[in-house]
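Okay, structure first, notes after.
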2 protein chains.
Amino acid sequence: MGISERKEREKQEMRRRILDVAMNMFLVDGYEKTSLRNIAEKIEYSPATIYLYFKDKDELFYEVQKDAFQKLNEVFAQHVTATEPLARLRQICHTYVQFGIANPELYDLMFIIRAPMNVVEEKEMWDNGTDAFDFLVQTLTACIEQKLIKYTDPMIAALSVWSMGHGLISLNVRCRIKVMQMCDEDVANSINLSIEEFLRVISTP
Amino acid sequence: MGISERKEREKQEMRRRILDVAMNMFLVDGYEKTSLRNIAEKIEYSPATIYLYFKDKDELFYEVQKDAFQKLNEVFAQHVTATEPLARLRQICHTYVQFGIANPELYDLMFIIRAPMNVVEEKEMWDNGTDAFDFLVQTLTACIEQKLIKYTDPMIAALSVWSMGHGLISLNVRCRIKVMQMCDEDVANSINLSIEEFLRVISTP
DNA sequence: CAAATATACTGAACACTGTTCATGAAATGC
DNA sequence: GCATTTCATGAACAGTGTTCAGTATATTTG
């Protein structure tokens, strides 16, 4: 049956089109402005049509999040080039934080916003973030094996590094670093300094 | 003029009543369910009345956030009792994280949600979080003076400790730790372990 | 090819949200 | 007692996610 195959392909193309438009609206206008109605208007379909391709807003946003993580993974692949584990760790940290600062709206969707995680509630795991996290665990395992850092458990180390990076970005993205009187440049500087200090501090003497 | 004083007092009482109801709704039902209409219904006034006491939703939420930070400060005063700086730091970290885990909806309002920070945009500083942050800086300054930790700059140290704590809580609150297959108990355990390891790692030998 | 069926899509409605404003009622000042 | 200020509201506006009966098109069947 060539027809049902074409139908299936067209359905997938429509899904992709919706996802691409949604991703673009996220990047350009941010989360707040990315409504189902706005997406529908941009693809020139009725809002109800979106529900033929996604169960609800959460499921749609979960798929956009998946694409966002692919972007992050690509950035990792591009910027994390060192072979020495500690140098890799440093590259991972800076690449991650830079990605967050450069794409605050996308970072929102990936790590801060509640919406897309409702579909995970029923699931057993959050598979969108797995690859990036595994990438970090792998590097940290190498660091620990070569006794380059003071941590002993790769999982705890990964959770700590990630929390530190996420903490820095999300406090900044959500304007909570304004407790210290600083200009934007100072803030960016402090974030980078915090990463450097953290790496120095966790390294074995 | 006794009358205008009474009027002023009544206005403040009404403000307090709105804030208390809002705080309670946050604690019981969470951010999503705390709408101006729901608050208005609970105080048995029209939604429009709230605008006679607050400029908009953001300003109201900013005041509730202020109360939330007072709660946090009280918890600090209650649980951070040690005199030795490093012991104090440990107590601060655990108290903070425990507060976040125990009051996820309030933590949302204080550190994650965008809404109340819009009023800060025009302001020069975010004064709600100042006391808690200064408290941390003070303890870290003592730690550095006594050469108990490897950090040299109290500001950078405070930003790092805070980011670590906030990262752990917010990743958990927003279900992002589900990348690792773990039950809730394991997660809570990993968070505590991460804090202990961080404190161990940053301490001078 | 025509009729019956299956698929794709939409307009309108529902129940929400924050916000504004003219209108009305009550308390205060003179 | 009358004028004025203060306080509160109903109704409306523009927006949100979501559902569903109904329609138009495309495909399958007789």
Side-chain angles (χ1 to χ4, degrees), chain A residues 1-19 21-22 25-26 29-65 108-109 113-119 121, chain B residues 1-19 21-22 25-26 29-65 108-109 113-119 121:
Chain A
M1 272 290 166
I3 275 181
S4 65
E5 279 178 12
R6 194 206 66 210
K7 287 257 172 175
E8 180 59 27
R9 197 182 61 233
E10 279 174 356
K11 201 172 180 83
Q12 291 304 319
E13 278 170 4
M14 183 68 155
R15 255 183 83 99
R16 255 272 60 87
R17 191 151 150 243
I18 295 171
L19 288 175
V21 166
M25 289 188 77
F26 259 102
D29 305 318
Y31 166 68
E32 305 270 320
K33 306 257 174 193
T34 309
S35 67
L36 293 183
R37 285 181 143 89
N38 286 349
I39 296 171
E41 197 181 2
K42 200 156 271 184
I43 61 173
E44 293 173 301
Y45 279 81
S46 152
T49 303
I50 293 178
Y51 287 85
L52 301 174
Y53 298 89
F54 299 93
K55 195 181 127 249
D56 55 15
K57 192 193 173 191
D58 289 353
E59 194 178 289
L60 165 56
F61 278 22
Y62 191 75
E63 294 303 308
V64 180
Q65 192 193 64
D108 232 25
L109 176 68
I113 284 171
R114 247 208 205 94
M117 302 308 280
N118 293 333
V119 313
E121 294 288 282
Chain B
M1 273 292 166
I3 274 181
S4 65
E5 281 178 11
R6 195 206 65 210
K7 286 257 173 177
E8 180 58 27
R9 197 180 60 232
E10 279 174 356
K11 201 173 179 84
Q12 290 304 319
E13 278 168 7
M14 183 68 157
R15 254 182 85 99
R16 255 272 61 86
R17 190 153 151 240
I18 294 171
L19 288 174
V21 166
M25 290 187 77
F26 259 102
D29 304 318
Y31 167 68
E32 305 270 321
K33 306 259 173 190
T34 309
S35 67
L36 292 183
R37 284 182 144 86
N38 287 348
I39 295 171
E41 198 181 4
K42 201 156 269 183
I43 61 172
E44 292 174 300
Y45 277 81
S46 150
T49 303
I50 294 178
Y51 287 84
L52 299 176
Y53 299 88
F54 300 93
K55 196 183 125 245
D56 55 15
K57 192 192 173 192
D58 289 353
E59 195 179 289
L60 166 56
F61 278 22
Y62 190 75
E63 294 302 310
V64 179
Q65 192 193 62
D108 233 24
L109 176 67
I113 286 173
R114 248 207 205 96
M117 303 309 279
N118 293 334
V119 313
E121 293 289 282

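In what follows, chains carry the letters A, B, and so on, assigned in the order in which the sequence lines appear, proteins first and then strands, with residues in each chain numbered from 1.
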What is the distance, rounded to the nearest whole Å, between atom CG of Asn38(A) and atom C1' of dG15(D)?
10 Å

In whole angstroms, how far is the P atom of dT7(C) from the CD atom of Glu8(A)?
12 Å

For a 4.5 angstrom cut-off between non-hydrogen side-chain atoms, does Arg17(A) reach Glu13(A)?
no

In whole angstroms, how far is the C1' atom of dT19(D) from the NZ atom of Lys55(A)?
14 Å

Between dG15(D) (C1') and Lys57(A) (NZ): distance, integer Å
12 Å

When the aromatic ring centroids of Phe54(B) and Tyr62(B) are compared, is their separation below 6.0 Å?
no

State whether the distance check finds a donor on one side and an acceptor on the other, under 3.5 Å, for side chain Arg37(A) versus base dG17(D).
yes

For the pair made of CD1 in Ile43(B) and C1' in dA8(D), what is the distance, rounded to whole Å?
11 Å

Examine dC9(C): is either OP1 or OP2 under 4.0 Å from a nitrogen or oxygen in the side chain of Thr49(A)? Give yes or no.
no

Using a heavy-atom cut-off of 4.0 Å across all strands, would you classify Leu52(A) as base, sugar-phosphate, or nothing?
base

With heavy atoms under 4.0 Å as the rule, sort Tyr51(B) into base, sugar-phosphate or nothing.
base

Glu32(B) CD to dT16(D) P, in whole Å, measures 16 Å

Would a distance-only check, ignoring hydrogens and angles, find a side-chain to backbone donor-acceptor pair under 3.5 Å from Asp56(B) to Glu59(B)?
yes

For Ala48(B) and for Lys11(B), locate the closest nucleotide of DNA chain D by heavy-atom distance; then report the residue assigned to the nucleotide nearer the 5' terminus.
Lys11(B)

Please report the distance, rounded to the nearest Å, between CG in Asp56(B) and P in dT17(C).
17 Å

Check each of Thr34(B), Ile50(B), Val119(B) against Leu60(B) using the side-chain contact (heavy atoms from CB on, under 4.5 Å) test, and report the only one that passes.
Ile50(B)

State which of dG11(C), dT9(D), dT17(C) makes the closest approach to the side chain of Ser46(A).
dG11(C)

It should be established whether Tyr45(A) places a side-chain nitrogen or oxygen under 4.0 Å from OP1 or OP2 of nucleotide dC9(C).
yes

For Tyr53(B), which contact category applies under a 4.0 Å heavy-atom criterion: base, sugar-phosphate, or nothing?
sugar-phosphate

Ile18(B) and Glu63(B), any side-chain heavy atoms less than 4.5 Å apart
no

Nearest whole Å is fine: how far is dT16(D) C1' from Lys33(A) NZ?
13 Å

